[in-house]
Structure formats: C-alpha cells, structure tokens
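Because the structure is a prediction, the values reported are computed rather than measured. Within every chain, numbering begins at 1; the chains are lettered A, B, ... in the order of the sequence lines, protein sequences first and strands thereafter.
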Number of protein chains: 2
Amino acid sequence: MRDRSIFAGLSLDDLRALGMEVQDIRVPAASTLYLEGDRARYAYTLRQGAVKLVKTLPNGRAQIVRLLRHGDLFGFEGLREARHRHSAITLTQTDLCQLDLPALEALSQRLPSVHGAITQRWFSALQEAENRIVELGAKKAEERLATFLCQWCSAYPQGGAVPFPLTRQELGEFLGLSTEHVSRLMAEFKRQGLLSERKGTLDIPDSRRLLQHACTSGACA
Amino acid sequence: MRDRSIFAGLSLDDLRALGMEVQDIRVPAASTLYLEGDRARYAYTLRQGAVKLVKTLPNGRAQIVRLLRHGDLFGFEGLREARHRHSAITLTQTDLCQLDLPALEALSQRLPSVHGAITQRWFSALQEAENRIVELGAKKAEERLATFLCQWCSAYPQGGAVPFPLTRQELGEFLGLSTEHVSRLMAEFKRQGLLSERKGTLDIPDSRRLLQHACTSGACA
DNA sequence: CGTCCAATTGAAACAAGTCAATCTATGTGG
DNA sequence: CCACATAGATTGACTTGTTTCAATTGGACG
C-alpha cells in the first residue's frame, strides 16, 4: 500500500530517518479529525475506512465536498494555508496515517518525488471536483444518485455487495438533496430491482441498467 | 502584468532564450480556443477579456465549469493529460498569451519557480471548485445568483458599473439554472433596486444589501 | 424597415423540499 | 425476556422552487 502512496519507494525507516513523523492511528466511526477553520497540524493518508470532508454554510446547511476511501489523502491544504478548509469526519472505523505538516513540508522540498506526488493528487482532486460541478449543476436528483452509486461501487472491482457506510442524510449532503428525497429515490431503485441494501452494504446487480438512469434523454457514457 | 504571471521575473526575451514559444494573440468574442477532448497543444494566459470553460454531457446539457478573466490561466491540464478536459470559448474579444505545452513542460522542469507557480494555480483552482460545489449543492437559485454577481463585481475594486459579458443562458449554465429562471431573478433584483444593467455592464450599488439574498435564514459571510 | 437573437413574461407541469407521522432495527436497563 | 428509548429510514400530504413551453418584447444591425 505504501507503493501507491506519496512515499512510493520509501520505507517507514527511511521516512523516520528523514525526520518525518508518521503515526498510524485507528479511530472509531463519527470521529472528527479536524474542523473547518482549525489550524492545520496534520495531513492524513487513509488506509482503511471512509471519511467525509464537509463545508458548512453560516446558516447551518452542510455540504459534503469530498468522500475519501482507501488510498486517498486529505488535509494537505495545510501545506499552502494555515487553516483547514473543511471538516474531516470518519464514516466508519478508520485506519489513518497521520503526517506532521511541517515535517512533510520539509520532506516535500527535499524529495521531488514526494512533491510531485502531492501535486498530482491536487490535480486529480481538481479534476474530480470539476466533474462534481457538472453533476450538481447539470443533472437531476435521480441522475446524480444513480451516477454516484455506480461510481462508488466501481471502486470495488470484485463486484457483488460492497461496503456502503453512508446514511440517507449524508447522501443528501453529498448530492445536494434532502434526506427524504434520497430515501424515496433509493426505494424506487430497489422497487425496480436496480439495487439492494443490507445493513451497511450495497449491491448493484447490473450497473449498466442503473446507469441508464444517470443521464436521461440520450445515450450515456 | 507579467509580474503576477507564472513567469514572474522573466522577460519575454528570457523566455525566448529558454526555448519557450510565446505567442500573443487577439481573438474575437465567441471563439473556440479548443474543444473538450481535443489533443492539448497549448496552454493560455488571459491578458484581457473573458473565457468560459465548458463541459457537455452526452445528452447535450452544458455546464460552465469555470469563468476566467484577466490574469487567469487555462489549458494547463495539458501538462498532465493528453487531451483537454473542457472546451474553452471566449465571451468577449480577448487578448491571450499562447504557450506551447511541450516547451512549457520543459521550462517547468528546469525552473522551480515556474513549476511552483503552476502548482499554486492548481491549488487555487481546487479551492475555487470546492466553493462552487457548495454553492451548487447547498444553495437555492436566488442565493447562487446573488453570491455570484457580488463575487464577479468584487474583482473590480473601483466599484461602479463593471463589464458583464454573460448572457442569461451562460449565467444559467454556470449556476445550474434555466435561462428563464435566471431572467426572472435578475428582473426581481432590478425591481428591488439591488442592481442595474446597461448593455454589457452591471452595477451593484450596495453589495452588502445584495449579499443578504446570498444565504437566507441566518447571517452570512 | 425587417431580421435576428437575447431577454422577458405568463401559465402550466414537474421536481424537490418540508413537515409530520410511522416504521424498523438496535440497544438499554429493569 | 421484556418494555422502552433511540436513531435512521420510510411514507404521505402538502408547499415551494424550478423548469418547460409558448408567446411576446426589445434592441442591434444590416
């Protein structure tokens, strides 16, 4: 797993020798790792579990900006800004690698490979964010949900029932919909046999069929 | 202007000496600089005018992903990917600086300051994209429009009437709304004396008052 | 003066949100 | 083992927000 991390090629010992504090931690579900506006001390790589990054409007409405899973990084905005731009909250029990930001900064300046890996992640995050802008701006509720569910499951190549730790409310906060509306859409998908759920897992028997609801009126990607 | 560009500190002659092709071009309004999926040859810096970056869904719906003005860069995804991720279309007559991507790539590897400047722009773009996700996901039409108009005008510090080259349709494609709905909201804002328009310019006499429509039910940023 | 395109307006259809009640699973303490 | 409490999910009825379609207006320009 450290292969596909930003430290590809470096062992834990290498990192320690370079002055990099690396702390492996396990936290329970619903833990707050940091809050929007907190002074940024650590960045994280996610080894196991799921995390949501949330922004909250002054009036209290919350928007999940990104969902993170195995292999994802977060908190790296602390390299450029003093404070975190969003809150990070675990959705499940989660294994993390906690990286001291000042040390990471120093390391990134010394090792081009590390710097490049971080830059690449920013680039990918930008790409993903732009795709989400399209989802939110140009698609209807049913299409957003169908697209999202298929994408979520496609991260588990083996198929079959996959872990699905999101509540209806969290789905709503991610997709820009009300809890109730999400619930209704999920029920409708189930009624049509497009998916089934069982306590924390989701099964999409035929994702091509579900994808037909992802971009109505016209053929789809 | 070259100060705040990615080539801060380098003169045009410096650039040419380093093998960097720099082409200053002027194009009319509604010019397509490149299309989504085109092989990426050039990146651009925008000296004067306005450009929209658009993504189109298979069914034809379009979403403006980003709006660019003086000093903004675009097309730089060509450094990481072979093809452009969106279409770039001018909204006005526009002065651009066209950069040959392979040469830029080489230059960026040689000069850390250039590389760092590009990285910084990606980081800012990510930040902006995440803010837009919140706008689209958590706000209602009126709030989105009010927020956007204020932000647009705040880029012109002098106040008063500012250039505003967007059609109602483009506003809709940016904010995820129908043309007609944008039109109605604009009319309503005008009726309330919150703004006025005159052939390509926009005037917001009191942006604080307009911002009260930007995040209803609760105090706002 | 007629043409064209954008903007506006109205009426009706539709999508999505809100509020309230119910249901279900899960866990708790008696 | 059984009430009971709790939190999330579901459902229904209703309201509000937004789109759609169609018609009209208005301005810019040849």
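Between Glu135(A) and Arg61(B), none of the side-chain N atoms (NZ, or NE/NH1/NH2) sits under 4.0 Å from a carboxylate O, so this pair counts as no salt bridge. Taking the charged nitrogens against the carboxylate oxygens, Glu130(A) and Arg85(B) do have a contact shorter than 4.0 Å, which makes a salt bridge. Contact check on Arg47(A) versus Asp24(A) returns a salt bridge, with a Lys/Arg side-chain nitrogen under 4.0 Å from an Asp/Glu carboxylate oxygen. With respect to Glu170(A) and Lys52(A), a salt bridge is recorded, a charged nitrogen being found less than 4.0 Å from a carboxylate O.
Rounded to whole Å, atom P of dG17(D) lies 14 Å from atom NE2 of His213(B). Between Lys139(B) atom NZ and dT18(D) atom C1' there is a gap of 18 Å when expressed in whole angstrom units. In this structure, Glu170(A) places its CD atom 14 Å from C1' of dA9(D), rounding to the nearest Å. Separating the CG atom of Leu166(A) from the C1' atom of dA9(D) is a distance of 15 Å, rounded to the nearest angstrom. Nucleotide dA7(D) holds its C1' atom 11 Å from the CD atom of Gln169(A), rounded to whole Å. Between the CZ atom of Arg144(B) and the C1' atom of dT19(D) there is a distance of 13 Å, rounded to whole Å.
No more than 12 heavy atoms of other residues, nucleotides or ligands sit less than 6.0 Å from atom CZ of Arg26(A). Within a 6.0 Å sphere centred on CD of Gln192(A), other residues, nucleotides and ligands contribute more than 12 heavy atoms. Annotation: Arg41(A), atom CZ; neighbour count of heavy atoms from other residues, nucleotides and ligands within 6.0 Å does not exceed 12.
Residues passing the ring pair (Phe, Tyr, Trp, His ring centres under 6.0 Å) test with Tyr42(A), sequence neighbours excluded: none. When the ring pair (Phe, Tyr, Trp, His ring centres under 6.0 Å) test is applied to His181(B), no partner is found at least two apart in sequence or on another chain. Remark: Arg80(B) engages Thr119(A), Gln120(A), Phe123(A), Trp122(B) in a side chain to side chain contact (heavy atoms under 4.5 Å, CB included) (not counting sequence neighbours).
At least one cation-pi condition fails for Arg66(B) and Phe174(B): the charged atom is not both under 6.0 angstrom from the six-membered ring centre and inside a 45 degree cone around its axis.
Checked by distance alone, Arg184(A) brings a side-chain donor or acceptor within 3.5 Å of a matching partner on the base of dG12(D).
Nearest to the side-chain atoms of Ala141(B) among the listed nucleotides dT18(D), dA9(D), dT20(D) stands dT18(D).
When each of His181(B) and Glu142(A) is assigned the nucleotide of DNA chain C with its nearest heavy atom, His181(B) is the one assigned upstream, toward the 5' end. Looking at which nucleotide of DNA chain C each of Met186(B) and Leu185(A) is closest to, the 5′-most match is held by Met186(B).
Using a 4.0 Å heavy-atom distance criterion, Glu180(B) is classed as a base contact. Among the heavy atoms of the strands lying under 4.0 Å from Ser183(A) is at least one base atom, whether or not backbone atoms are also near. Among the atoms of the strands shown, base atoms are found under 4.0 Å from some heavy atom of Ser178(A). Using a 4.0 Å heavy-atom cutoff across all strands shown, Gly176(A) reaches sugar-phosphate atoms only and no base atom.
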Distances for protein N/O vs nucleotides 24-30 of chain D N/O pairs under 3.5 angstrom?
none

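Nucleotides of DNA chain C lying under 4.0 Å from heavy atoms of chain B occupy a range whose first and last members, 5' to 3', are dA7(C) to dA11(C).
Contacts with DNA chain D (heavy atom under 4.0 Å) in residues 187-198 of chain B: none are found.
Under the 30°/60° scheme for interplanar angles, the aromatic rings of Phe164(A) and Phe148(A) are found to be tilted.
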